[in-house]
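Below is one structure, written out as structure tokens, with a few remarks after it.
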Amino acid sequence: MLRRLGYVAIALSIEATTNRTCRLRNATPALLRRLIALNLEGLHAVLQFNVQNGILLYRISSQIIPFASHPVNRVPWWDEFRADFERLRAFIRRHDMRVSMHPGQFTVLNSPRAAVVEASLKEIEWHIRFLDCLAPDASHKVVIHVGGAYGNKVAAADRFVQAVRRLPESWRRRLVIENDERVYATEDVLAISRATGLPVAFDWLHHTASSGGRLPTTRTLEACFDTWKEGDGLPKVHFSSQAPGGRKGQHANWIRAAEFERFLETAPERDFDCMLEAKCKDLALFRLRRELQRRGMAGPWAA
DNA sequence: AAACGTCAAGTTCCG
DNA sequence: CGGAACTTGACGTTT
């Protein structure tokens, strides 16, 4: 049964933002410090808004710490903003919220280029550190993709597995892998999960886009759910609809309620959380919730 | 004050 | 082989 519904990064309903940034050329410790303070304040406002509206699942923007893995950012934010983090941490725990992060397309652990892998490790490191500050328990996840194929998908997948095996356990406990719409389909990611022990976040749109529009089976979803172990929290799914007229794999503004209902019918009889990836963010979540309720559906997600 | 071009990073695919 | 698309706003320079 669907427990929590969530959305990504931006609350369009309110003014608050977690995405203030600057240009690299004028990034100084003082400016970065100011931006981080404002973004953490924004995060607090967004989390409060979420709780007020019964939203207990949320993906934190990677822009919250500008240039976090770049040498220009020498601010020890985990230390300097300890008080803010403590406040946020207490809030998250009190309301049983679940937060996550999703490093961008530049995080490619299986790149054949050492410098790219090194930069990716730095990216993962700061995301892990951020969640460590906010929510020590490992159900709050950092979601990554496997990466490129480089003309030899088997070798590339193996490089990913080796890279993950070299990571410290304190990182691995937070990592989750997601199927993408081009290179690593759900089956590929499940195989990599077996080799690494990382749970799989099933992405509905990526799956349908990469399988020529075929919908997943209950067995496939079940296999993804089974990768979530003790301490990982409930299995998590990403859901979005194809943008009408947009290129394959492009996120639509809204979630199509009928499509979501199909997904719910396919989902195994087990508890899970669902992250909505719609361009209209929280507004899309509200609209979906209303439409499902109008169809007579109820559950903990309804709030 | 508004408009608009630009912004750290990688990879794939399209033209 | 160069450039758009991922995703997407917000910055900062120009008008």
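Every chain is numbered from 1, with letters handed out A, B, ... down the list of sequences. Any value given below was found using the heavy atoms of this structure, including those in side chains, with hydrogens, waters and symmetry copies removed.
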Protein-nucleotide distance ([X], atom [atom1]; [N], atom [atom2]), rounded to Å:
| X | N | atom1 | atom2 | answer |
| --- | --- | --- | --- | --- |
| A:Glu181 | B:dT11 | CD | P | 16 Å |
| A:Arg25 | B:dA8 | CZ | C1' | 13 Å |
| A:Leu35 | B:dC7 | CG | P | 18 Å |

Between A:Ser241 and A:Glu259, a side-chain donor and acceptor under 3.5 Å: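 Per modelled atom types, A:Ser241 and A:Glu259 side chains form a pair under 3.5 Å.
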Between A:Phe106 and B:dA9, do the rings stack, that is, sit under 5.5 Å apart with planes less than 30° off each other?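 Given the distance and angle limits, yes, they stack.
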Hunt down any stem DNA chain C takes part in, defined as 3 or more consecutive Watson-Crick or G-U pairs whose two distances are each under 3.5 Å.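 DNA chain C forms these stems: B:1-7 with C:9-15, B:10-15 with C:1-6.
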For A:Ala9, answer base if it contacts any base atom (sugar-phosphate contacts may also be present), sugar-phosphate if it contacts only those atoms, and nothing otherwise; contact means non-hydrogen atoms under 4.0 Å.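 No contact.
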Ring centre gap for [X] and [Y] strictly below 6.0 Å:
| X | Y | value |
| --- | --- | --- |
| A:His238 | A:His207 | no |
| A:Tyr150 | A:Phe160 | no |
| A:Phe91 | A:His44 | yes |

Taking only side-chain N and O atoms of A:Asn19, does any of them lie within less than 4.0 angstrom of OP1 or OP2 on C:dT8?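 No, because none of the side-chain N or O atoms of A:Asn19 sits under 4.0 Å from OP1 or OP2 of C:dT8.
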Is the distance from OP1 or OP2 of C:dT8 to the nearest side-chain N or O of A:Lys281 less than 4.0 Å?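 Answer yes for this pair, as a side-chain N or O of A:Lys281 is under 4.0 Å from OP1 or OP2.
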